[in-house]
Amino acid sequence: MGGYIIKRLGQALIVVLLVTVLVFLLIRLLPGDPILLYVSGDVVSGAVSDEVIADLRREHGLDRPMYIQYVNWLWQILHGDLGKSIFLNDTVVNEISRAVPKTVMIGSLGLLLAVCLSIPLGVLAAVRRGTWIDTLVTLLANSGITIPVFWLGIMLIQIFSLQLGWLPTQGYTSVFDDFGAGVKSLILPVVCLSVVPLCALTRQTRSSMLENIRMDYIRTAWSKGLSEGLIIMRHALKNSLIPVVTVFGLMARITIGGQILIETVFNIPGMGRLAVEGLQNQDYAIVQGVVLVIAIIVTGINLIVDLSYGWLDPRIRNN
Amino acid sequence: MISTTLAADTNEESSPKHSRLNRFFRVLFKRKIVLVSAVTVVVIVFSAVFAPLVAPYDPYEPNFLARLQKPSWQHPLGTDSLGRDTLTRIIYGSRASLQVGFMAVFVASSIGMVLGLVAGYFGGIINTIIMRSIDALMSIPMMVLALAIASLLGGGLLNVIIALGVAMVPAYARVVCAQALSVKQNDYVTAFRSIGASHLRTLMLRVAPNCLPPLFIVMTMQMGIAILVEAGLSFLGVGISDPEASWGSMVSEGYAYLYEAPFLSFAPGIAIILIVFSFNMIGDGLRDALDPKLRGVI
């Protein structure tokens, strides 16, 4: 298992390094000059001369050759410095560290809710195959993955905030500041985010359980006289989990993507909002920082997914 | 069940090619929902192509006397803040969704196919370089990557297609690479090489055609994803924006008038769900018909 972990860790580091190249190139190769955008208002009024623009460019290191900019940037990152936001007048690290807890809180609660509901639902549908329960669960799961998350958010706001008045329409309150208000502000975004992973995981649990239930070792377990609960939980479910874990990794990525939309709908100042605003302002440093942090989070989740394969299936870790 | 249909077909039909096609359609439409979805897609494509004939109103002409109306006989789905008919704009919006869906999937599958074929066929260091880069691309969520590319390029139909075309490459590259890795081990590939065929000829004539079935399935399934992400981009205001009709920007506009006209953002969302659901179901059907082994994999 030790060798397996080290190998996967090495691969993850290479992926992160490639991501830094990708992010750097993405931002630099596409059109748009942040300095010109920053001073555009003043250029029109004639208040900014070419020298001032050149000074600004030098101050932000944008006058150097590309590869030097990249190496410098990478060096800074390794020292925990993601640069300064041109627009927000604060360091990128400060901005991101304010945004990350909100995004992680909502995202992980959404995924947790999805996992807690989907596995029992998927198992139930598989065990009661062909009954109305199965038909209903499958239909709901197939429809659920097609719902645009931002639209669902708006519909939930319409029902639970505007019509019933139970929950706040927008905003984010930390549960550490005000527990009641915090929980209330979390309910709608978390429910919204959980729908797609919930449906995808239910589908995968069901189909993977159906495959395993037909296997010989399940018949053996039955003929040994084990109880239904034990057969399903210990034998069928554990062997069905690998594809479910794969889908979980995929869903974690989709959930982070969905948070851009959800944070916009509910006006939550998390990573998604920061990315959208950074892009609107063409604020290189913020966009680079946010995309990089998101990519590191995703790579971390993929690493955990890979390691759990090893835990679930001894053949993988010994290979 | 599938294998018995196969046996029955080969008995009935004399021409093997005919029977294979027959079986394909029989398995594809075995589930009623797939047939219903196919009909839905055909109807939506038809109304998108003939939008000027089908739509009851002009999609761009404001009518300030009929702002934010509730659904009625004149306006079955109500009107927006400029008095434009929502049903008309949904019909025109399907043009944006379908164009982005088809074109982005085409771009992404072409790039992904080439990368996946090369990586899978040559293996070794080439495989490592290509697939690790794909991993890096994949570690940026598609929505984030598409948003970054689209907003840096500046929005609009073409830029959304480019953004999604790039952001969706990993799915194709991985599927094709995995398929190419297994196809190249077949004896017919070795045989073709041994009669003197070049790598390029072998790739094009033996390996690539056998990578197509899973590719087609992924293409159908990604149609829905492309449409969803396009709607998301337009919702954020970096995709297709007013006056062009797009379902995502219609939901966004409806959000601004949620209190006065709740129906405004409801209807385009239903349109998105309907078309994405249909493409997903067709994708499921295709998978069962083309390659049932892939059940649970794709």
Side-chain angles (χ1 to χ4, degrees), chain A residues 11 14-23 26-27 29-32 139 142-143 145-155 157-158 162-163 169 204 207-208 210-211 243 252-261 264-265 272 275-276 279-280 282 287 290-291 294-299 302, chain B residues 33 128-129 132-154 166-167 171 224-225 227-229 231-233 235-238 247-248 251-252 254-255 258-259 262 264-266 268-270 272-281 284 295-297:
Chain A
Q11 281 175 351
I14 292 171
V15 167
V16 169
L17 195 68
L18 283 171
V19 168
T20 63
V21 177
L22 213 65
V23 169
L26 175 76
I27 308 281
L29 291 181
L30 292 171
L139 183 71
N142 281 335
S143 321
I145 50 167
T146 68
I147 299 177
V149 65
F150 54 95
W151 177 83
L152 182 65
I154 295 171
M155 293 302 116
I157 288 176
Q158 167 70 20
L162 294 181
Q163 302 283 337
T169 49
Q204 190 59 61
S207 71
S208 161
L210 280 179
E211 233 155 69
R253 200 161 65 229
I254 288 178
T255 303
I256 296 174
Q259 281 188 284
I260 290 189
L261 295 161
T264 304
V265 171
V276 172
L279 283 164
Q280 277 164 358
Q282 292 190 322
V287 176
V290 171
V291 175
I294 288 178
I296 290 172
I297 294 175
V298 171
T299 311
N302 286 344
Chain B
I33 192 94
T128 309
I129 292 172
R132 285 293 154 270
S133 308
I134 292 290
D135 283 349
L137 201 60
M138 262 190 122
S139 67
I140 306 171
M142 197 161 86
M143 187 69 215
V144 179
L145 192 59
L147 173 70
I149 300 175
S151 53
L152 290 169
L153 288 174
V166 173
I225 296 177
I227 290 171
L228 276 175
V229 177
L233 293 178
F235 176 77
L236 291 173
V238 293
W247 294 341
V251 172
S252 167
Y255 189 29
L258 195 55
Y259 209 75
L264 206 49
S265 54
F266 178 74
I270 296 295
I272 298 172
I273 292 175
L274 193 66
I275 197 164
V276 175
F277 183 83
S278 303
F279 275 115
N280 283 358
M281 287 298 117
D284 275 2
R295 208 172 232 291
V297 179

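What you see is a predicted model, and the numbers here were worked out from it, not measured in a lab. Chain letters run A, B, ... following the sequence lines, proteins first and then strands; every chain starts at 1.
Using a 4.5 Å cut-off between heavy atoms, B/L274 makes no contact with chain A at all. In this structure, chain B has heavy atoms under 4.5 Å from both the backbone and the side chain of A/V19. For A/I145, the parts lying under 4.5 angstrom from a heavy atom of chain B are both the backbone and the side chain. Heavy atoms closer than 4.5 Å to chain A are found in the side chain of B/F235, but not in its backbone. Residue B/I225: no heavy atom, backbone or side chain, is found under 4.5 Å from chain A. Both the backbone and the side chain of A/V265 come within contact range of chain B, each with at least one heavy atom under 4.5 Å from a heavy atom of that chain. Heavy atoms of B/D135 lying under 4.5 Å from chain A belong to its backbone as well as its side chain. Both the backbone and the side chain of A/S143 come within contact range of chain B, judged by heavy atoms closer than 4.5 Å.
Taking both residues in full, the closest heavy atoms of B/M138 and A/R253 are given as O-CD, 2.9 Å, listed atom of the first, atom of the second, then distance.
Most heavy-atom pairs under 4.5 Å with chain A: of the set B/V229, B/I227, B/V144, this distinction falls to B/V144. Counting heavy-atom pairs closer than 4.5 Å to chain B, the top residue among A/T20, A/I260, A/T299, A/I14 is A/I260. Contacts with chain A were tallied for B/S133, B/G232, B/G224; B/G232 has the most, counting heavy-atom pairs under 4.5 Å.
Rounded to the nearest 0.5 Å, atoms CG (B/L233) and CG (A/L261) are 8.0 Å apart. Rounded to the nearest 0.5 angstrom, A/T146 OG1 and B/I275 CD1 are separated by 11.5 Å. For the atom pair A/F150 CZ and B/L228 CG, the distance stands at 7.5 Å (nearest 0.5 Å). Considering CD1 of B/I33 and CG of A/N142, their distance stands at 8.0 Å, rounded to 0.5 Å. Distance check: B/S139 OG to A/I297 CD1 gives 11.5 Å after rounding to the nearest 0.5 Å.
A/L22 is listed as a side-chain neighbour of B/I140, based on a closest heavy-atom distance under 4.5 Å. A 4.5 Å side-chain heavy-atom check between B/I273 and A/P148 finds at least one atom pair inside the cut-off. Contact check for A/Q259 versus B/M143: no side-chain heavy atoms found under the 4.5 Å cut-off.
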Inset, instruction - Run the numbers on B/V238 and A/L279 for side chain to side chain contact (heavy atoms under 4.5 Å, CB included), then give the verdict. - result: CA-CA 10 Å; B/V238 293; A/L279 283 164; over 6 Å; no
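The backbone N or O of A/I154 lies less than 3.5 Å from no partner atom in the side chain of B/Y255, so there is not a single donor-acceptor pair.
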